[in-house]
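What follows is a short report on a single structure.
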Protein chains: 2
Amino acid sequence: MFKLSRMADYGVVVLSRMARQPGELVTAVEMAQRTGLPQPTVAKTLKLLTRGGLIASHRGVQGGYSLERAPEQVTVTEIITALDGPVALTACVEGSDDNCAVESLCPIRGHWERVNEAVKGALDAVTLADLTSAQEDAAINFGRPRAAKAAAPADA
Amino acid sequence: MFKLSRMADYGVVVLSRMARQPGELVTAVEMAQRTGLPQPTVAKTLKLLTRGGLIASHRGVQGGYSLERAPEQVTVTEIITALDGPVALTACVEGSDDNCAVESLCPIRGHWERVNEAVKGALDAVTLADLTSAQEDAAINFGRPRAAKAAAPADA
DNA sequence: TCAAATCAGGACCGCAATCGTCCTGTTTCG
DNA sequence: CGAAACAGGACGATTGCGGTCCTGATTTGA
Ligand code: FES
Ligand code: FES
């Protein structure tokens with residue numbers, strides 16, 4: 001069913017929540033309260049997000065996490081990459097050391113990368129701002145936005 | 001890591017193999033031999049593909065499967081849908097009856113659909129013909145493509 | 001008519017990756 | 001020096017997935 005991991009889901013939820021007050025320092029437990037998610041999991045998510053460079057952390061007594069980057073500069077691809085590793089649809093795309101069992105006679109060998117590129121491009125075109133700001137202008141192009149086809153310069 | 005299931009992978013492999021001789025009737029066991037994949041799994045894949053309307057089946061003694069549609073009319077989205085169910089990145093997109101646990105206060109509620117649309121659009125733009133074309137340069141690197149992996153240890 | 005070939009559909013089990021939790025440092029502030 | 005808060009990893013339960021097999025249904029051909 002081609003669904004992304006729950007971690008990435010949580011990550012987007014948490015991040016979009018943080019995008020409301022950029023720069024504000026929030027602790028992990030408070031973040032869990034705001035989102036309604038279990039605290040340990042949210043803490044883990046925050047850690048991963050920090051390691052991925054998406055948010056900044058501050059240790060110590062008055063510490064916490066804060067979103068420093070602009071919401072429209074945070075792409076969904078980055079979030080997924082930070083929480084679930086690089087986007088690699090199949091085993092034969094770069095990023096994994098294990099190839100398909102039939103690499104020798106596979107008819108499409110390197111052509112998976114094109115699909116991978118297309119998906120990554122689509123994911124790249126959606127930013128955190130898109131997910132949080134669509135509140136007011138819900139009537140944008142929902143049918144097939146520029147993201148879909150415009151993300152096809154894979155072979156340029 | 002946002003990878004699609006192995007079933008979908010196999011499906012594409014099998015289909016792209018069938019795209020070479022469209023209309024030819026091939027049995028499941030022969031298809032397994034051609035692709036090098038285990039027979040039971042390949043049979044299962046063929047069944048799912050048939051149910052999805054991507055290939056035609058013929059029962060009886062001289063039966064088998066055949067690809068009736070044009071390769072450029074078969075999209076990757078269809079293949080994934082046939083084998084893994086509809087493309088639904090998260091639980092809150094249409095297609096599943098189960099929502100996130102925090103749907104009530106989730107800040108992005110319906111906005112996941114945009115991401116879903118973007119991905120589906122990207123997948124829709126790649127057809128079976130795209131994967132099978134450029135067959136000539138697919139035979140060049142028979143060793144181990146391993147695109148730009150940092151310092152690939154000699155494992156040959 | 002009968003038997004063989006082949007697909008259809010589902011049941012079943014084992015493995016694996018994920019999800020979620022917790023514990024032990026490390027850092028900063030009061 | 002102690003408390004607050006993050007960092008990092010270990011650990012177990014669970015769920016879904018991958019893979020196999022078995023029993024029908026259908027068609028062909030002898
Ligand atoms: S080598 Fe991976 S799909 Fe063919
Ligand atoms: S992510 Fe599903 S309801 Fe918010």
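A note on names: the letters A, B, ... follow the listed sequences, proteins ahead of strands, and every chain is numbered from 1.
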[atom2] on [Y] to [atom1] on [X], rounded to 0.5 Å:
{"X": "B/D9", "Y": "B/I79", "atom1": "CG", "atom2": "CD1", "answer": "10.5 Å"}
{"X": "A/R69", "Y": "A/M18", "atom1": "CZ", "atom2": "CE", "answer": "12.5 Å"}
{"X": "B/L37", "Y": "B/R17", "atom1": "CG", "atom2": "CZ", "answer": "10.5 Å"}

Sorted by position of nearest nucleotide on DNA chain C, 5' first, the leading residue of A/Q62 and A/R6 is A/R6
Are [X] and [N] close enough that a side-chain N or O sits under 4.0 Å from OP1 or OP2?
{"X": "A/T50", "N": "D/dC6", "answer": "no"}
{"X": "B/Y10", "N": "D/dG18", "answer": "no"}
{"X": "B/Y65", "N": "C/dA8", "answer": "yes"}

Separation of atom [atom1] in [X] from atom [atom2] in [N], rounded to whole Å:
{"X": "B/L48", "N": "C/dA8", "atom1": "CG", "atom2": "P", "answer": "11 Å"}
{"X": "B/L37", "N": "D/dG19", "atom1": "CG", "atom2": "P", "answer": "9 Å"}
{"X": "B/K3", "N": "C/dA16", "atom1": "NZ", "atom2": "P", "answer": "13 Å"}
{"X": "A/M7", "N": "C/dT21", "atom1": "CE", "atom2": "C1'", "answer": "10 Å"}
{"X": "A/L49", "N": "D/dG8", "atom1": "CG", "atom2": "C1'", "answer": "16 Å"}
{"X": "A/L46", "N": "C/dG20", "atom1": "CG", "atom2": "C1'", "answer": "16 Å"}
{"X": "B/L25", "N": "C/dT6", "atom1": "CG", "atom2": "C1'", "answer": "10 Å"}
{"X": "B/Q39", "N": "C/dT6", "atom1": "CD", "atom2": "C1'", "answer": "13 Å"}

Non-hydrogen side-chain atoms of B/K3 and A/L89 separated by less than 4.5 Å: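 No; the side chains remain at least 4.5 Å from each other.
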Both A/S57 and A/K44 contact DNA chain D. Taking the nearest nucleotide for each, which residue is further toward the 5' end?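 Result: A/S57.
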Contacts of A/K47 and B/R59 projected onto DNA chain D by closest heavy atom; the upstream (5') one is A/K47
>> If you count heavy atoms of other groups shown closer than 6.0 angstrom to CD of B/E30, is the number above 12?
In response: yes
message: So A/A28, base contact, sugar-phosphate only, or nothing? Heavy-atom distance under 4.0 Å.
response: sugar-phosphate
Could you please name the option among C/dT6, C/dA5, D/dC6 that lies closest to any side-chain atom of A/T27?
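Nearest to the side chain of A/T27 among the choices is D/dC6.
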Measuring from the side chain of A/P40 (C-beta onward, heavy atoms only), which nucleotide among C/dC22, D/dT20, C/dC19 has the closest atom?
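Closest of the options to the side chain of A/P40: C/dC22.
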